[in-house]
Amino acid sequence: MNEAITYLRQLLITRQGLLITAEAYASAVMDVFPLTPVSQFAMPKKYSEICQQALSVIQAEYPDFNITTDFSSNELADSSIAYHRVFGFITSSSRYYFSSKQLEKDLIAAEANPAISCHFFHINSGGGEAWYLDRLSETISSLKKPTVTLFEMAGGSAAYYIGCQARHIFCLTDNDLIGCIGTMTDFYDWDSYFAKLGLKRITVRASKSDLKNKEHDDMCAGKTEEFINKFLDPMNELFLQTVRNSRKKLKDAPEDEPALRGATFMTQVAIEKGLVDGKKSLLETLQYAKELAAKWDTQVSTRKKALNIFNS
């Protein structure tokens with residue numbers, strides 16, 4: 001069992017919160033429990049390598065744009081665009097899937113590089129792990145340079161959490177799926193299955209450990225209220241607050257607004273709801289990011305000139 005599959009399996013069988021669409025969860029489960037025998041698996045490529053390959057294709061097709069994943073390079077052309085790729089299952093920390101911690105490091109490096117003038121989030125994901133998204137959200141909201149998101153096919157749950165904080169958000173086609181804003185947990189109770197095999201589960205707690213794993217036992221017994229109130233609701237409130245703060249049209253939306261209760265929409269309705277700003281092709285989005293980068297450079301130059309005059 002390779003490291004990537006082991007990590008994903010551990011993540012999916014835990015009871016921690018997930019920000020994920022049903023389709024993305026099913027896809028992740030197929031990764032964990034594949035039809036192909038594990039012995040036939042080849043070691044997957046690291047996510048950073050996949051991103052670089054994807055960027056190489058974009059650079060070959062659109063050579064007029066300075067796009068990079070080398071965020072700390074001193075050899076970049078001025079007005080470069082940082083390419084942040086958010087594809088597939090979202091994890092907090094993994095070398096083989098998208099990592100929220102790695103994105104945070106990349107954002108900080110790109111923000112500090114004077115040759116980089118715009119952040120471009122390219123997203124196709126139904127979501128994933130909720131943990132660490134609050135920290136990532138703080139980093140994204142602190143960015144001063146222009147930010148642009150392009151959702152391609154899917155921008156759901158944790159992926160929307162990330163992408164919605166860009167100042168400019170677009171979909172690639174009319175058929176992209178956007179939203180699924182909400183928090184859930186999903187796991188299997190294997191006790192009845194094991195009981196049929198003659199395996200009886202025995203749990204013994206210390207006299208002062210009566211609350212240990214109580215929420216899990218309650219959920220298995222159909223009592224979910226405490227787990228929802230104690231864990232899922234607080235995480236979800238942070239998610240909703242981020243969306244409201246990022247999207248003007250949803251800032252004062254009522255609590256029963258479907259977009260804030262987990263509903264998913266195709267592009268046109270997502271635009272009407274204020275989840276995204278419009279529809280653009282990849283070329284149009286890159287051109288838009290290039291224009292924002294140029295404006296940023298002009299602003300920086302103007303501030304430097306004003307500061308020099310003030311200090312002279």
Side-chain angles (χ1 to χ4, degrees), residues 45 47-71 73 75-88 90 98 103 106-107 109-111 113-126 140 143-156 159-179 246-249 264-300:
K45 293 182 180 179
Y47 188 76
S48 59
E49 297 173 346
I50 295 173
C51 290
Q52 184 54 54
Q53 289 179 349
L55 177 60
S56 297
V57 174
I58 295 174
Q59 289 171 326
E61 189 168 356
Y62 306 107
D64 295 333
F65 299 93
N66 298 318
I67 323 169
T68 185
T69 56
D70 191 359
F71 308 115
S73 174
E75 301 178 356
L76 297 177
D78 291 339
S79 299
S80 288
I81 300 169
Y83 180 70
H84 306 293
R85 187 177 177 87
V86 186
F87 273 52
I90 289 176
F98 169 84
L103 176 58
D106 294 343
L107 290 169
E111 187 75 0
N113 192 331
I116 293 177
S117 302
C118 184
H119 298 276
F120 171 35
F121 298 94
H122 191 189
I123 301 178
N124 180 2
S125 169
I140 297 176
L143 300 175
K144 304 300 182 185
K145 295 177 181 178
T147 49
V148 181
T149 289
L150 177 65
F151 287 120
E152 178 179 327
M153 188 179 292
Y160 187 78
Y161 200 152
I162 295 170
C164 76
Q165 296 178 79
R167 297 181 184 89
H168 313 274
I169 306 175
F170 306 104
C171 286
L172 181 64
T173 76
D174 286 325
N175 299 322
D176 296 337
L177 299 177
I178 307 299
S246 302
R247 304 304 298 165
K248 292 181 180 179
K249 203 166 183 178
T264 302
F265 309 96
M266 293 179 69
T267 297
Q268 190 54 48
V269 179
I271 294 172
E272 295 169 2
K273 292 281 186 181
L275 292 167
V276 300
D277 300 316
K279 185 180 69 172
K280 287 185 182 294
S281 66
L282 177 57
L283 174 59
E284 291 170 331
T285 305
L286 289 173
Q287 183 61 49
Y288 193 76
K290 184 177 181 179
E291 294 170 0
L292 291 174
K295 290 180 181 179
W296 170 260
D297 287 344
T298 299
Q299 293 172 4
V300 171

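Residues: numbered from 1 along the sequence shown.
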The side chain to side chain contact (heavy atoms under 4.5 Å, CB included) partners of Thr147 (sequence neighbours excluded) come to His119, Phe121, Leu143, Ala166, Arg167
Of all heavy-atom pairs linking Ile123 and Gly163, the shortest is CD1-CA, 3.5 Å
Side chain to side chain donor-acceptor pair (under 3.5 Å) filter on Thr285, not counting sequence neighbours, yields none
Contacts satisfying salt bridge (Lys or Arg N to Asp or Glu O under 4.0 Å) that involve residues 279-291 (not counting sequence neighbours) are Asp174-Lys279
Next on the checklist: Does atom CE (Met153) have a neighbourhood of more than 12 heavy atoms from anything else shown, all under 6.0 Å?
Outcome noted: no
Sorted by chain and number, sequence neighbours left out, side chain to side chain donor-acceptor pair (under 3.5 Å) with Asp297 holds for Ser79, Ser117
Residues passing the side chain to side chain contact (heavy atoms under 4.5 Å, CB included) test with Ala77, sequence neighbours excluded, are Asn66, Ser80
Rounding to 0.5 Å, atoms CD (Gln53) and CZ (Arg85) come to a distance of 10.0 Å
Interatomic distance, OG1@Thr267 vs CG@Leu177, rounded to 0.5 Å, equals 8.0 Å
Measuring only between side-chain heavy atoms, which start at C-beta, is Gln59 closer than 4.5 Å to Phe65? no
Sorted by chain and residue number, the side chain to side chain contact (heavy atoms under 4.5 Å, CB included) partners of Ile58 (sequence neighbours excluded) come out as Tyr62, Ile67, Tyr83, His122, Leu282, Leu286
Residues at least two apart in sequence or cross-chain that pass ring pair (Phe, Tyr, Trp, His ring centres under 6.0 Å) with Phe71, listed by chain then number, are His84
ask   = With a 4.5 Å heavy-atom cut-off, do Arg247 and Asp277 have their side chains touching?
value = yes
Sorted by chain and residue number, the ring pair (Phe, Tyr, Trp, His ring centres under 6.0 Å) partners of Phe170 (sequence neighbours excluded) come out as Tyr288
Going by heavy atoms in the side chains, are Phe87 and Asn124 under 4.5 Å from each other? yes
Sequence neighbours excluded, the answer for side chain to side chain donor-acceptor pair (under 3.5 Å) partners of Glu75 is none
To the nearest 0.5 Å, atom CD1 of Ile50 lies from atom NZ of Lys45 at 7.5 Å
**Study point:** Check: Thr68 and Ser73 side chains under 4.5 Å, non-hydrogen atoms
**Key:** no
With sequence neighbours left out, the residues meeting side chain to side chain contact (heavy atoms under 4.5 Å, CB included) with Lys248 are none
Taken in chain and number order and not counting sequence neighbours, the residues that satisfy side chain to side chain donor-acceptor pair (under 3.5 Å) with Thr173 are Asp176
Quick one: do Glu111 and Lys144 satisfy side chain to side chain contact (heavy atoms under 4.5 Å, CB included)? Show the steps, please.
CA-CA 8 Å; Glu111 187 75 0; Lys144 304 300 182 185; 3.4 Å; yes
Interatomic distance, CG@Leu292 vs NZ@Lys145, rounded to 0.5 Å, equals 13.5 Å
One should read off an interatomic distance between Gln52 CD and Tyr47 OH, to the nearest 0.5 angstrom, of 12.5 Å
Quick note, salt bridge (Lys or Arg N to Asp or Glu O under 4.0 Å) partners involving residues 55-67, not counting sequence neighbours, are none
Rounded to the nearest 0.5 Å, the CG atom of Asp106 sits from the OG atom of Ser48 at a distance of 9.5 Å
